[in-house]
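Working notes for the structure below.
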Amino acid sequence: MSAGAAPGSHRSVPRPGDLVVGRWEARFLGRRFPCAVGFGGIGAKRGEGDGITPLGVHALESVLWRPDRRPRPVGRLPARPIGPGDGWSDDPADPLYNRRVPWPSRHSAERLRRADRLYDLVAVVDFNRNPPVAGAGSAIFLHVWKRPRKWTAGCVAFRAQDLAWILERWGPRSRLIVR
């Protein structure tokens with residue numbers, strides 16, 4: 001974090017190795033990538049389901065992937081396979097809110113093993129994670145897009161090959177800057 005920038009602040013000066021995301025484009029290691037963000041735009045999260053991609057400086061915690069569809073991702077981030085019984089809690093009443101949970105769950109949860117390819121490769125963003133605040137927003141990921149410029153529910157989405165390229169080169173000091 002740059003001097004004077006609080007966690008989640010958008011005022012941080014990008015440094016080499018940062019992924020800088022805007023509405024339709026991201027920059028990383030001298031390359032530009034088309035991307036998509038939430039249907040609510042980029043801004044301060046108002047709550048669960050607002051469709052806003054959270055503005056600020058974030059870390060990537062880990063990578064999830066579908067081992068039945070792609071090889072284990074290469075890179076420095078911890079990687080965990082997505083199995084048929086995996087979900088992600090999006091229910092503010094769930095004590096495990098904004099965490100990986102068994103699927104199906106007695107609380108509302110998003111299924112991680114989807115029929116489409118959106119979650120074949122996923123990076124978990126640290127937004128509202130340590131500790132999660134119920135209702136403040138959940139399941140903020142980098143993931144595969146549906147198609148160019150197709151809004152997400154609040155995540156940042158890329159072409160599959162671009163996301164894999166970024167994650168392979170993610171360094172220990174890399175940050176996600178959304179502005």
Side-chain angles (χ1 to χ4, degrees), residues 1 6-10 19 21 35-73 75-146 150-158 160 163-164 166-167 170 172 174-178:
M1 209 76 48
S9 167
H10 65 282
L19 174 62
V21 172
C35 68
V37 298
F39 64 82
I42 293 171
K45 287 288 286 176
R46 293 188 300 268
E48 188 67 40
D50 63 9
I52 294 173
T53 299
L55 181 71
V57 179
H58 311 285
L60 299 183
E61 293 182 354
S62 62
V63 174
L64 309 174
W65 91 99
R66 287 280 303 261
D68 59 322
R69 292 187 174 167
R70 62 176 303 120
R72 180 184 179 94
R76 295 181 178 159
L77 290 167
R80 296 178 187 92
I82 296 171
D86 289 329
W88 198 275
S89 176
D90 58 9
D91 186 343
D94 186 349
L96 297 175
Y97 176 70
N98 201 21
R99 293 188 179 101
R100 194 171 180 169
V101 295
W103 173 270
S105 172
R106 66 184 193 101
H107 294 278
S108 174
E110 186 171 358
R111 188 172 192 176
L112 291 176
R113 192 167 183 122
R114 298 171 56 118
D116 61 25
R117 299 214 169 250
L118 270 61
Y119 286 0
D120 284 6
L121 181 62
V122 175
V124 178
V125 177
D126 71 349
F127 179 80
N128 192 33
R129 296 268 300 136
N130 296 308
V133 175
S138 65
I140 302 297
F141 303 137
L142 303 185
H143 65 74
V144 177
W145 69 15
K146 191 173 281 189
K150 172 67 176 159
W151 299 111
T152 69
C155 299
V156 180
F158 297 91
L163 180 56
I166 290 166
L167 296 177
W170 196 261
S174 294
R175 304 173 300 170
L176 168 63
I177 300 177
V178 180

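Predicted model only: the values in this text are computed from it and were never measured. Here, residue 1 is the first one in the sequence, and each next residue gets the next number.
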Distance (rounded to the nearest 0.5 Å) between C155 SG and L118 CG: 9.0 Å

Value rounded to 0.5 Å, distance of CG in L112 from CZ in R80: 12.0 Å

Backbone N/O of S108 and side chain of D91: donor-acceptor pair under 3.5 Å: yes

Nearest atoms (heavy-atom pairs only) where G154 meets I140: O-CD1, 3.8 Å

Least distance between heavy atoms, L163 atom then L121 atom: CD2-O, 3.4 Å

Residue pair W170 / V63, side-chain heavy-atom distance below 4.5 Å: no

Shortest non-hydrogen separation from P172 to R76 and the atoms involved: CD-NH1, 2.7 Å

Heavy-atom closest contact (P67 atom, P81 atom, distance): CG-CB, 3.8 Å

Donor-acceptor under 3.5 Å (R99 side chain, P95 main chain): yes

Straight-line distance of D68 CG to R113 CZ, nearest 0.5 Å: 4.0 Å

Nearest heavy atoms of P73 and W65, plus distance in Å: CD-CD2, 3.3 Å

Residue pair V124 / R100, side-chain heavy-atom distance below 4.5 Å: no

R66 side chain to I82 backbone, donor-acceptor under 3.5 Å: no

R111 CZ to S105 OG distance, which is reported to the nearest 0.5 Å: 13.0 Å

Closest heavy-atom pair and its distance - V178, P54: CB-O, 3.4 Å

Side-chain donor or acceptor of D50 paired with backbone N/O of A44 under 3.5 Å: no

Side-chain heavy-atom pair F158, L19 within 4.5 angstrom cut-off: yes

Side-chain donor or acceptor of K45 paired with backbone N/O of I52 under 3.5 Å: yes

4.5 Å side-chain heavy-atom contact, K150 and W145: no

Side-chain touch V156/H58, heavy atoms, less than 4.5 angstrom: no

Contact check, side chains of T152 and F141, non-hydrogen atoms, under 4.5 Å: no

Charged N-O contact under 4.0 Å between D120 and R69: yes

V57 and L176: CA distance, side-chain angles, deciding distance, side-chain contact (heavy atoms from CB on, under 4.5 Å) verdict: CA-CA 6 Å; V57 179; L176 168 63; over 6 Å; no

W103 side chain near D86 side chain, heavy-atom distance below 4.5 Å: no

From CH2 (W88) to OG (S138), nearest 0.5 Å: 9.0 Å

Donor-acceptor contact present, side-chain N128 to main-chain N98, <3.5 Å: no

Within-4.5 Å side-chain heavy-atom neighbours: T53 and V21: no

